[in-house]
There are 2 protein chains.
Amino acid sequence: MISEDEILAQLAGCGLRVTGARRAITRVLLETDCALTPAQMCDLARRHWPGIGLVTAYRTLELLAQLGYARRLHSEDGCHSYVRASCGHRHDLICQSCGRVVEFEGCDLSDLLQRVEAETGFAIRQHMLELAGLCPRCQELAERMAQ
Amino acid sequence: MISEDEILAQLAGCGLRVTGARRAITRVLLETDCALTPAQMCDLARRHWPGIGLVTAYRTLELLAQLGYARRLHSEDGCHSYVRASCGHRHDLICQSCGRVVEFEGCDLSDLLQRVEAETGFAIRQHMLELAGLCPRCQELAERMAQ
DNA sequence: TTGTGTGCAAAATCTTTGCACTTCG
DNA sequence: CGAAGTGCAAAGATTTTGCACACAA
């Protein structure tokens with residue numbers, strides 16, 4: 001997993017400034033497993049950088065998303081939260097119980113895509129896939145509760 | 001594709017009332033190929049039932065979604081638009097050029113899901129998949145433009 | 001020193017709620 | 001007739017914008 005310093009170095013490399021607010025949001029993004037809204041990120045970021053404003057959280061998250069370090073999650077209701085993201089083409093797997101988000105790669109959809117292209121005549125260019133279920137920890141908990 | 005009358009009959013069957021506003025929103029939902037926001041649906045619905053209010057559009061779309069006749073689309077930005085939906089487990093294929101939405105079924109992800117379950121230990125319960133690309137009509141147009 | 005980045009306040013959106021009036025059944 | 005459904009206005013929530021000031025580089 002990428003480190004805070006690497007991201008900040010990347011910022012600097014792009015001619016962007018490394019500020020306390022950006023540092024704080026970046027840290028919060030990497031610190032947590034779950035998808036959080038800009039407002040939640042902002043609250044947590046205040047621990048590292050008191051006085052950070054919500055607007056800055058919005059702007060910084062959008063920036064980090066453009067650079068590929070954050071991704072918006074599109075679960076049933078909340079399309080408004082961000083998770084840390086590795087670079088490249090990845091997808092997210094969300095725990096329906098604790099909210100933890102885990103990435104996975106290597107989504108081989110080629111058979112499916114070919115079939116759908118043949119059936120519909122579309123030329124498919126993008127896909128968006130999100131999986132949800134129970135993480136190992138929450139499965140255990142659920143089993144213990146059931147006894 | 002299901003008809004307006006069938007949906008309205010279903011409403012009545014559930015003990016819900018068939019009103020002018022519901023009829024209008026239902027018609028708009030079935031009339032269009034594209035995903036539309038509640039506000040857009042409301043505007044279009046006024047042609048069939050002048051004076052319909054935005055709030056009613058919100059409420060009716062939520063109702064139709066619960067009954068399975070509409071689905072929210074989760075494309076990159078707009079997670080706020082609805083499309084007509086057939087019953088059962090289907091996915092959407094969106095034309096990036098004209099916005100037309102086509103459904104497809106039979107998403108066989110079992111290999112992928114098994115692999116991800118094995119890798120992560122998650123018990124996967126749900127998946128959300130959306131494809132995007134160019135519909136046949138827009139492909140032709142693009143080719144003609146290129147010449 | 002300079003201009004990017006920030007915070008605040010305010011505006012613009014989008015969505016939900018409360019309530020009296022309509023209207024379907 | 002009675003209760004579900006509607007529209008309006010207002011409240012809430014979320015996101016964006018404008019602008020003066022702060023502070024990385």
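All of these numbers come straight from a predicted model, not from anything done at the bench. So that the names make sense, note that chain A is the first sequence line, chain B the second, and so on, each numbered from 1.
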Review point. Would one find more than 12 heavy atoms of other residues, nucleotides or ligands at under 6.0 Å from atom CD of B:Glu31?
Key: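 Yes.
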
Check your understanding: Measuring from B:Ile2:CD1 to B:Leu29:CG, what's the distance to the nearest 0.5 Å?
Key ->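 CG of B:Leu29 is found 10.5 Å from CD1 of B:Ile2.
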
Quick check for you: among [options], whose closest atom lies nearest to any side-chain atom of [X]?
X: A:Arg22; options: C:dT6, C:dT2, D:dA3; answer: C:dT6
X: B:Ile52; options: C:dT16, D:dG7, C:dC8; answer: D:dG7
X: B:Val55; options: C:dT16, C:dT23, C:dA9; answer: C:dT16

Rounded to whole Å, how long is the line connecting atom [atom1] of [X] with atom [atom2] of [N]?
X: A:Leu54; N: D:dT17; atom1: CG; atom2: C1'; result: 14 Å
X: B:Leu61; N: C:dC14; atom1: CG; atom2: C1'; result: 14 Å
X: A:Tyr58; N: C:dT6; atom1: OH; atom2: C1'; result: 17 Å
X: B:Leu63; N: D:dT6; atom1: CG; atom2: P; result: 9 Å
X: B:Trp49; N: D:dT6; atom1: CH2; atom2: P; result: 10 Å
X: A:Gln40; N: D:dT15; atom1: CD; atom2: P; result: 11 Å
X: A:Leu16; N: D:dA24; atom1: CG; atom2: C1'; result: 12 Å
X: A:Glu62; N: D:dT14; atom1: CD; atom2: P; result: 18 Å

Review point. Hey, are B:Asp108 and B:Ser110 close enough side-chain-wise for a donor-acceptor pair under 3.5 Å?
Key: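 The answer is yes; a qualifying pair exists.
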
Check your understanding: With nearest nucleotides of DNA chain C determined for A:Ala57 and B:Thr37 from heavy-atom distances, which residue corresponds to the more 5′ nucleotide?
Key ->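 So the residue in question is A:Ala57.
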
Review point. Which residue, B:Arg17 or B:Pro38, contacts DNA chain C at a nucleotide closer to its 5' end, judged by nearest heavy atom?
Key: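 Nearer the 5' end of the strand: B:Pro38.
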
Check your understanding: Base, sugar-phosphate, or nothing: which does B:Gly15 touch, judged by heavy atoms less than 4.0 Å apart?
Key ->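 Contact class for B:Gly15: none.
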
**Study point:** Check: B:His89 ring centre within less than 6.0 Å of B:His127 ring centre
**Key:**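 Yes: the rings meet the under 6.0 Å criterion.
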
Review point. Does B:His80 have its ring centroid less than 6.0 Å away from the ring centroid of B:His74?
Key: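 Between B:His80 and B:His74, the centre distance exceeds or equals 6.0 Å.
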
Please determine if a side-chain N or O atom of [X] lies less than 4.0 Å away from the OP1 or OP2 oxygen of [N].
X: B:Arg59; N: D:dT6; value: no
X: B:Thr56; N: D:dG7; value: yes
X: A:His80; N: D:dT14; value: no
X: A:Thr19; N: C:dT4; value: no

